[in-house]
Amino acid sequence: MLASRLSSKLPQIARVSSSLTRQALARNYSAMKMAVPSISEHPTSLYAFTEEELMFKDTVARFAREVVQPRVQAMDDAEKMDTEVINAMFENGLMGLETEGEYGGAEASFTAAILAVEELAKVDPSISALCDIHNTLTNTMIRKWGTPEQKEKYLTRLATDTVGSFCISESGAGSDAFALQSRAEDKGDHYVLNGGKMWISNSGEADIFVIFANVDPSKGYKGITAFIVEKEWGVQIAKKEKKLGIRSSSTCVLNFDDVKIPKENVLGKVGDGYKYAIDSLNEGRIGISAQMIGCAQGAFDIAVAYSHERKQFGKPLSSYQAMQHQFAQVAVEIEAARLMTYNACRLKEEGKPFVAEAAMAKFKAAKVAEQATSYAVEWMGGMGFLRETGVEKFYRDSKIGSIYEGTNNMQLETIAKILLPKYK
Amino acid sequence: MFRSALRASNIASRSFTKRTFTQSTIARAIAPASLRNFTDEELMLKDAVARFAQDVIKPKVAEMDEKEVMDKAVIDGLFEQGLMGIETEDEYDGANCSFTSAIITIEELAKVDPSVSVMCDVQNTLVGTVVRKYGSKDLKERILPRLATNTVGSFCLSEAGSGTDAFALQTRAEDKGDHYLLNGSKMWITNSGEADVFLVFANVDPSKGYKGITCFVVDKSMGVKVAKKESKLGIRASSTCVLNFDDIKVPKENVLGEVGKGYKYAIEILNEGRIGIAAQMLGLAQGCYDIAMPYIFERKQFNTRIADFQGMQHQYAQIAMEIEAARLLTYNAARMKEEGHNFVKEAAMAKLYASVVAEKAASKAIEWCGGVGFTRELGVEKFYRDAKIGAIYEGTSNIQLQTIAKLIANEYK
């Protein structure tokens, strides 16, 4: 149908599209070593969204401005998330973004979740982190691998009033996540959990923890199992870290001292935990990417607006050519990072391989966030260096992007591992 | 090699030669040396300052940063060690050392705490030097010994409406016969929380534009008010305040240098001051590098020391190279100034480059230390926050580029 419509105007294209098969396409695009292009009835730009996605974006943007913005500085100074903000997040349906309606969730698309994380980060990357980790890691783990009973019990709570945490890292297991030492011993009708975790986001506010522990160290990483653990069973917060940025996002050391976990709280299959971890973190990367582009944009917006107001030598800063070129340069970088983020997001939704693209997006977005926020401080001169202006906070917050959910070096490892075999 | 270059330059046109060789002054020297050469005195000072920084400053860095206050014992220590009048002549109770000595001091302090470093830098390269260069004998006798032994000084040029456009300053000093009446306010003033002596730039005759700008030595007791202390991203222990002057009477004998020449003094002094900031940034880069490197040789993942991964090896080699380049730019500008050459372009390049390297090194140092690098405990993240000021004060990076470009453009006329 499309071919015949085109043929009257562009004979060459019609001929080409009617004769190429999927394999031929792949051969012709062999130079493109990433995702094989596919035929679509309605290819669109990455700025095409469903009505629902756009509504989400608008709602969250307004929420961020009205509810979060007035409290950002106080939360950062106190290094504590305001409970009113968290409650409002639940009330506005931001804590069960992809969760099905039967569990009290918003049942929105993955893209809607990504847009929400981005909009929040434009105002406060800390709140954005809370939302991102709760949704793309904790909720998603249970949605994907939980039994109907577990989903019934926990997804509803997570969507309506309970913060969740994702606990894999330990002091000796960062990049080498599977070197984790937390132990879950099978005691017949329950497991006994011993050990500790480090760098756990949301843990200061969470009551539901997805915890990775090894049930059989002799099996190496193939003993790693995911558990759903409730705080009241004995999860102890041993220490809250004092950080450079995302200060109001709680990052804590956890201790488990003979914590009893009922058998029905094993998440998925025993020994498959490592698979779920890899899977979640691949998706989670796109979330962090979104957080970083929001961070970059938030700072950019403040600084460029200022540059029209501030005058020196009788002229607004924005009238100087070198400044204009700097703005343009940074805008290019943010745009590139945004497109990589949205594209990885859509690839995932289409069920296509997206691991390399997600790693690339996160790697790029973290760099761009640091670059953009660094410039934003400079563009504002002395004012940029003050805490009261709000721009320096984005610079501090951006630095975590190159570290958590896989360091920059780990992203490069992942990308290289996927890319290189295509050249053999 | 040198002979063939000479032949080549003879063959080339005169204008070509001029363009090639005026990039940096080539001078004859009796014993040309690498930038790794220092006098005995300079090396002794470097050691003493490094030891002072480790013993006295290091234990207090984190607390001073959290509290945003400079510890009095640290300030007293700076005076006791003779670090607050490094170039000042000994007749004024100074240490009588070289400019490079001041630079080395600022660098060594910054390796441990860039906040303490900037206090020392402003005291020496801005306040002390302006008084030494342009002050009358009477003024020098009254002020220099105080600055060298017990009084912190401040350099007050910037205002809310005049940052980069420094000469658009509005602070007014009215000639009242036997004194001047000072009214106005200053912003972004380093050391002002602790200072008792203020070098204030004010205009005695706005109808003359910048040619009315005059430098005054103002004692705090004359009525200087610290209106607001800023809450900052970095160098938090360094006080940065808004100052108000409300009908302050400044005696005529406190005019520094000539009336109406203040703008000249400001430009000249900021050229020197730039090398000081370059040294601060250089120390900062080295300081955070020195924390991260031992860490990555200890920390293991995948049963391998982080430092042994090839990706990491190339990263730390890259940063080491950039720190070295920044060091050479800084020391070279310092030596050129000592030798009496025109060093304005080189000073601007050093400051710009060192501030970029400082931010880059601190950023990488955090990454190399992973999650631990992001915590305040390790101490590396502070350097990332402190680095950012290097691209802003004593001339933004855009201004450095402008200065460099202007000087280069002159060579092509």
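Throughout, a chain's letter reflects where its sequence line sits, starting with A, and its residues are numbered from 1. Basis for what follows: all heavy atoms, side chains included, without hydrogens, waters or symmetry-related copies.
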State the CZ-CG distance between A:Arg387 and B:Leu233, to the nearest 0.5 angstrom.
-> 8.5 Å

Other residues, nucleotides, ligands: >12 heavy atoms within 6.0 Å of B:Gln170 CD | no

Check the surroundings of atom CZ in A:Phe178: do more than 12 heavy atoms from other residues, nucleotides or ligands lie under 6.0 Å from it?
-> yes

Exactly one of B:Ile366, B:Thr375, B:Val380 clears side chain to side chain contact (heavy atoms under 4.5 Å, CB included) with A:Leu244, and that residue is B:Ile366

Which portion of A:Ile403 sits near chain B, non-hydrogen atoms under 4.5 angstrom | side chain

Heavy-atom distances under 4.5 Å only: say whether B:Ala160 touches chain A with side chain, backbone, both or neither.
-> backbone

Which value, rounded to the nearest 0.5 Å, describes the distance between A:Glu378 atom CD and B:Thr396 atom OG1?
-> 8.0 Å

Are there more than 12 heavy atoms of other residues, nucleotides or ligands under 6.0 Å from atom CD of B:Glu66?
-> yes

The reported gap from CZ in A:Phe385 to CD1 in B:Ile392 (rounded to nearest 0.5 angstrom) is 6.5 Å

B:Asn398 and A:Gln326: side-chain donor and acceptor closer than 3.5 Å?
-> yes

Judged by modelled atom types alone, do A:Ser374 and B:Lys388 share a side-chain donor-acceptor pair under 3.5 Å?
-> yes

For each of A:Ser169, A:Gly172, A:Ala179, tally heavy-atom pairs with chain B at distances under 4.5 Å, and name the one with the top tally.
-> A:Gly172

Check the surroundings of atom NZ in B:Lys406: do more than 12 heavy atoms from other residues, nucleotides or ligands lie under 6.0 Å from it?
-> no

Side chain from CB out, backbone as N, CA, C, O: work out which of these in A:Thr407 comes under 4.5 Å of a heavy atom of chain B, or both, or neither.
-> neither

Using a cut-off of under 4.5 Å for heavy-atom pairs, which of B:Glu230, B:Gln402, B:Lys300 has the most such pairs with chain A?
-> B:Glu230

Looking only at B:Arg299, B:Met312, B:Lys382, B:Glu377, the option with the highest number of non-hydrogen pairs under 4.5 Å against chain A is B:Arg299

Turns out that what part of A:Ser398 lies under 4.5 Å from chain B's heavy atoms comes down to side chain

Engaged part of B:Ser397 at the chain A interface, taking heavy atoms whose separation is under 4.5 Å = side chain

Might you work through the salt bridge (Lys or Arg N to Asp or Glu O under 4.0 Å) test for B:Lys360 and A:Glu370, ending with a clear yes or no?
-> CA-CA 11 Å; B:Lys360 213 171 171 192; A:Glu370 187 178 334; over 6 Å; no

What is the distance from atom OH of A:Tyr320 to atom OG1 of B:Thr164, rounded to the nearest 0.5 Å?
-> 8.5 Å

Best-contacting candidate, A:Met323, A:Glu79, A:Lys311, A:Met380, against chain B by heavy atom pairs under 4.5 angstrom | A:Glu79

So, the side chain of A:Asp176 versus the backbone of B:Phe302: is there a donor-acceptor pair under 3.5 Å, distance only?
-> yes

Between B:Phe374 and A:Tyr404, is the gap from one ring center to the other below 6.0 Å?
-> no

Most heavy-atom pairs under 4.5 angstrom with chain B, which of A:Glu388, A:Arg310, A:Met198?
-> A:Arg310

Decide if atom NZ of B:Lys58 counts as having more than 12 heavy atoms of other residues, nucleotides or ligands within a radius under 6.0 Å.
-> no

Say you draw a straight line from CG of A:Asn408 to CD of B:Glu367; how long is it, rounded to the nearest 0.5 Å?
-> 4.5 Å

Do B:Asp165 side-chain atoms and A:Gln312 backbone N/O form a donor-acceptor pair below 3.5 Å?
-> no

Below 4.0 angstrom, N of the basic side chain to O of the carboxylate: do A:Glu392 and B:Lys232 qualify?
-> no

Begin with the C-alpha distance, continue with both residues' side-chain angles, and end with the deciding distance and a verdict on ring pair (Phe, Tyr, Trp, His ring centres under 6.0 Å) for B:Tyr384 and A:Tyr395.
-> CA-CA 10 Å; B:Tyr384 176 77; A:Tyr395 172 72; 4.3 Å; yes

If you tally heavy-atom pairs under 4.5 Å between each of B:Gly163, B:Ala168, B:Gly311 and chain A, the highest tally belongs to B:Gly163

Just wondering, are more than 12 heavy atoms of other shown residues or ligands nearer than 6.0 Å to CD in B:Glu63?
-> no

May I ask you to decide whether B:Glu381 forms a salt bridge with A:Lys242, counting only side-chain N to carboxylate O separations under 4.0 Å?
-> no

